[in-house]
Colleague: 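One structure coming up, written as structure tokens, with questions to follow.
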Amino acid sequence: MTNSQPSGFDRLSKPVRQWIWQQKWQSLRDVQEKAIPAILAGGDVVISARTAAGKTEAAFLPLLSRLEAKETGADGFALLYVSPLKALINDQHRRLESLCECCEVLLTKWHGDVSSNVKARARKRPSGIVLITPESLEALLVRRGGEVSHLFSNLEAVVIDELHAFIGTERGMQMQSILNRIEVATGRDRIDRIGLSATLGDMRLAAEALRPGCGDAVTLVEGNDPGNGVRLQVRGYLLERPTAPPAVDAPEEPKSDNDIPKEDEFSRSLLPKAMSDDLFRLTRGKRNLLFAGSRVNVEVCADRLRNMCDDERLPQEFFAHHGSLSKAIREDVETRLRDDPRPTTAVATTTLELGIDIGDVDAVAQIGPGNSVASLRQRIGRSGRRAGRPATLRMFVAAPPFERGGHPLDRLRLDLVQAIAMVECLIANWCEPPIKAGLHLSTLIHQTLALILQYGGVLPAQAFKLLCIRGPFRNVDRELFAELLRCMASDSCRLIEQSGNGVLMIGSGGEEITESYDFYPVFATEQEYRIVHETRTLGTYPLSSPLAPGETIIFSGRRWRIVDIDDRARVIAVKPTRAGNPPHFPGRGGAIHDYVVETMRAVLCSTDTYQYLDQQAARQLDEARERFKELQLDHKSVIAHGQGVLLFPWVGTRKLETLTLALIAKQFRASSYHHSIEISDCTVNGVLETLEEVANAPAPDGVVLAGHLAQPALAKFDSFLSRELMCRVTARERIDAESLPEIAGNMLGA
DNA sequence: GACCTGCTGCGGTCTG
């Protein structure tokens with residue numbers, strides 16, 4: 001320690017200070033300095049700081065000091081650390097081991113890969129810190145309901161890592177509900193919650209997510225670590241016309257593995273050659289993360305770069321990384337990034353965005369504008385962590401080529417404009433706020449079943465009070481909860497039944513679900529094949545994407561031929577080959593925030609130049625702005641197009657879809673496309689009149705509007721909901737009916 | 001026109 005000893009340091013317990021001495025830290029980090037008094041004072045705290053700023057220690061140094069001062073010797077766990085990832089638990093265990101040893105506090109990993117005797121031992125003599133996933137915690141409550149009060153009665157605090165990953169999600173609702181159930185079971189009014197997060201758009205909303213209903217009482221701690229600056233570039237490219245469709249009708253099987261089909265022509269329509277040449281040139285020989293967007297793009301891009309490596313007879317340094325690849329393959333890439341000095345570029349989806357420890361990379365590249373400013377910020381934080389080196393991010397954005405008679409939207413270069421809008425938002429220090437909680441009826445079904453199992457039965461009024469008044473399901477009122485219970489008890493579900501004295505019990509249908517191994521997670525997953533080469537599992541492939549023996553596929557950045565499909569065992573056997581088609585993964589579109597789309601319009605209206613654009617991108621922006629003026633979009637929102645019209649509301653995905661739906665409900669043939677709505681067979685005046693009507697009428701009933709929409713069961717237990725309940729979920733979570741008059745009004749005023 | 005995450009307890013067999 002230097003002479004300028006931080007005041008926070010002095011307030012820590014003796015063993016904690018000793019540990020800090022051993023680490024030879026020169027001083028505490030800004031966020032740690034601020035967190036110490038906040039956590040020592042007790043109460044709920046949100047700690048937010050950029051990646052690698054020392055958030056974990058910011059929470060645990062004062063928490064361990066608190067344990068030292070308490071010294072009750074009572075049994076029961078003292079601290080609970082909840083993480084969304086097993087990999088993060090393993091990292092944190094490594095990181096906290098010596099600190100806990102110094103403090104003589106037991107540290108226990110608890111997740112699905114940890115052996116059951118370790119868990120049994122911890123249950124028998126509960127003490128110290130437990131690092132756990134929400135699913136393992138759920139299993140503990142459901143299977144050992146009777147032990148809960150004993151295990152957690154001396155709990156000092158709960159630390160929630162990657163808080164932002166839980167906000168507004170099914171898993172987040174589950175976690176809040178579990179923490180609430182622990183408080184109730186132990187008879188504690190509240191157990192301190194400490195949320196750790198990357199910088200969030202709106203800290204107050206994050207605080208509300210940490211302690212529903214009492215966000216105002218949460219202490220906010222924001223780290224102010226300036227980092228080493230950011231170097232950022234947006235590079236423009238032109239897409240090549242696809243000259244051949246993907247080889248669906250390809251003539252039978254290629255005769256030999258040496259036949260090389262024209263698959264490159266298709267893959268070039270996803271990834272132009274000029275772009276892959278630049279990607280190769282800028283990443284080769286260094287350590288990079290390349291975020292390619294979708295799993296298909298990861299495969300196409302990894303395949304292309306690996307081939308370029310082979311062509312130049314260089315050792316391979318490009319590797320694919322996404323959620324459908326096997327754990328072993330992914331860990332090989334992570335380990336190589338972390339521990340191997342050889343140049344390595346991981347071509348990834350969002351898998352490498354969260355806090356898994358992969359050390360520092362030289363640069364980050366991204367294909368396309370991405371879906372959120374928050375994720376852009378997170379990605380930048382993956383480089384520039386070493387002293388004196390700025391973070392480096394290059395965005396590679398391709399636009400469609402101009403064609404006579406092409407779609408007017410092609411010339412607005414909306415991907416490039418979106419990329420610029422994202423960067424402008426980032427520079428202005430804006431990022432998406434957490435989304436507001438929906439009804440989450442699927443997760444409420446789950447929590448009702450879990451609660452019955454935990455207590456062996458529960459009265460409806462108790463369940464309502466616990467889950468919906470004290471717990472996180474506050475958008476569900478008594479009437480709606482009663483309807484949900486009736487639905488769960490109905491003949492078609494039989495999830496629950498009621499005993500003579502009114503106690504809710506698990507029904508015949510519920511038994512099957514709750515006894516199953518996959519009851520504990522609340523998110524839905526697709527059924528999949530396993531892709532196997534000899535004895536090695538390469539990864540998984542969705543059942544819904546049909547494949548046939550003899551077909552070729554790019555997977556894990558390599559090319560394979562399918563030799564056998566075992567539908568019963570759900571195994572696809574492959575062998576290496578020289579040809580390969582891009583794989584197919586189903587997916588739903590991402591939602592872009594209103595403010596990003598508003599900023600896009602501002603970028604198109606403005607004449608500002610942006611230093612971070614390369615020549616090609618700057619030229620494409622000029623062309624897009626010219627076209628924007630030509631179409632008079634600077635003062636019009638509705639323009640004629642062919643036999644119909646194009647609408648430009650400049651709102652985010654959810655509002656765009658709501659307006660489309662409202663127009664469909666008024667008998668227009670409308671569909672949303674690339675930030676616009678296309679309506680066929682109508683006139684500009686006809687649409688303007690309708691917009692006028694919408695603007696001046698009260699907002700339509702969301703449930704009625706949602707009735708026009710297909711109601712796919714998206715969440716895990718949605719299939720148990722009645723049509724009517726599903727409509728209410730859709731109205732609340734997927735559309736925004738209240739904003740319709742305002743959107744229409746703004747378009748008329750434009 | 002997108003991504004990601006997670007999992008018990010038991011009974012069986014094998015190894016040191």
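Throughout, a chain's letter reflects where its sequence line sits, starting with A, and its residues are numbered from 1. The figures here come from the full heavy-atom set of this structure, side chains too, leaving out hydrogens, waters and symmetry mates.
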Colleague: Could you tell me whether A:K119 contacts a base, only the sugar-phosphate backbone, or nothing, with contacts defined as non-hydrogen atoms closer than 4.0 Å?
Modeller: sugar-phosphate

Colleague: Reckon A:H674 touches a base, only the sugar-phosphate, or nothing at all at heavy-atom distances under 4.0 Å?
Modeller: base

Colleague: Is there a donor and acceptor pair closer than 3.5 Å between the side chain of A:R143 and the base of B:dT8?
Modeller: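 A donor-acceptor contact between them is absent.
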
Colleague: Is a side-chain donor or acceptor of A:R193 paired with a backbone partner of A:L210 at a separation under 3.5 angstrom?
Modeller: yes

Colleague: Between A:H321 and A:S116, which residue's closest nucleotide on DNA chain B lies nearer the 5′ terminus?
Modeller: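 Comparing both residues, the 5'-ward one is A:H321.
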
Colleague: Roughly how many Å is it from CD in A:E432 to P in B:dA2, rounded to a whole number?
Modeller: 18 Å

Colleague: Parallel, tilted or perpendicular for A:F555 and A:H322, by the 30°/60° rule?
Modeller: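 Aromatic pair A:F555/A:H322 classed perpendicular.
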
Colleague: Would you say A:R295 places a side-chain N or O within less than 4.0 Å of OP1 or OP2 belonging to B:dG1?
Modeller: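 No, outside the criterion.
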
Colleague: Return the nearest nucleotide to the side chain of A:Y517; candidates are B:dT8, B:dG9, B:dC3.
Modeller: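 In terms of side-chain proximity for A:Y517, the closest of B:dT8, B:dG9, B:dC3 is B:dT8.
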
Colleague: Under 4.0 Å between any heavy atoms, over every strand shown, what does A:I592 touch: base, sugar-phosphate, or nothing? Just pick one.
Modeller: base

Colleague: Using the six-membered base ring of B:dC7, report whether A:F519 stacks on it, requiring centroids under 5.5 Å and planes under 30° apart.
Modeller: no

Colleague: Starting at CG of A:L714 and ending at P of B:dA2, how long is that distance when rounded to a whole Å?
Modeller: 15 Å

Colleague: B:dC7 base stacked by A:Y520? Criteria: ring centres under 5.5 Å, plane angle under 30°.
Modeller: no

Colleague: Decide if atom CD of A:E512 counts as having more than 12 heavy atoms of other residues, nucleotides or ligands within a radius under 6.0 Å.
Modeller: no

Colleague: Quick check for you: to the nearest 0.5 Å, what is the distance between A:H111 atom NE2 and A:L88 atom CG?
Modeller: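 Going from NE2 on A:H111 over to CG on A:L88, the span is 10.0 Å.
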
Colleague: Nearest to the side chain of A:T351, heavy atoms from C-beta on, is which of B:dT5, B:dG1, B:dG6?
Modeller: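 Among B:dT5, B:dG1, B:dG6, the one nearest the side chain of A:T351 is B:dT5.
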
Colleague: Could you check which of B:dG9, B:dG1, B:dC7 has an atom nearest any side-chain atom of A:K86?
Modeller: B:dC7

Colleague: OP1 or OP2 of B:dT5 less than 4.0 angstrom from a side-chain nitrogen or oxygen of A:R330, does that happen here?
Modeller: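 For B:dT5, OP1/OP2 do have a side-chain N/O of A:R330 under 4.0 Å.
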
Colleague: Check whether any side-chain N or O of A:T349 sits under 4.0 Å from OP1 or OP2 of B:dC4, and answer yes or no.
Modeller: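 For B:dC4, OP1 or OP2 has a side-chain N or O of A:T349 closer than 4.0 Å.
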
Colleague: Which listed nucleotide (B:dT5, B:dA2, B:dG1) is nearest to the side chain of A:F523?
Modeller: B:dT5

Colleague: Of all the nucleotides listed (B:dT5, B:dC4, B:dT8), which has the minimum atom distance to the side chain of A:H322?
Modeller: B:dC4

Colleague: Side-chain N or O of A:S136 versus OP1/OP2 of B:dC7: is the shortest distance under 4.0 Å?
Modeller: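 The answer is yes; a side-chain N or O of A:S136 sits under 4.0 Å from OP1 or OP2.
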
Colleague: Ignoring hydrogens and geometry, is there a side-chain-to-backbone donor-acceptor pair from A:Q454 to A:L141 under 3.5 Å?
Modeller: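 Between the backbone of A:L141 and the side chain of A:Q454 there is no qualifying donor-acceptor contact (under 3.5 Å).
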
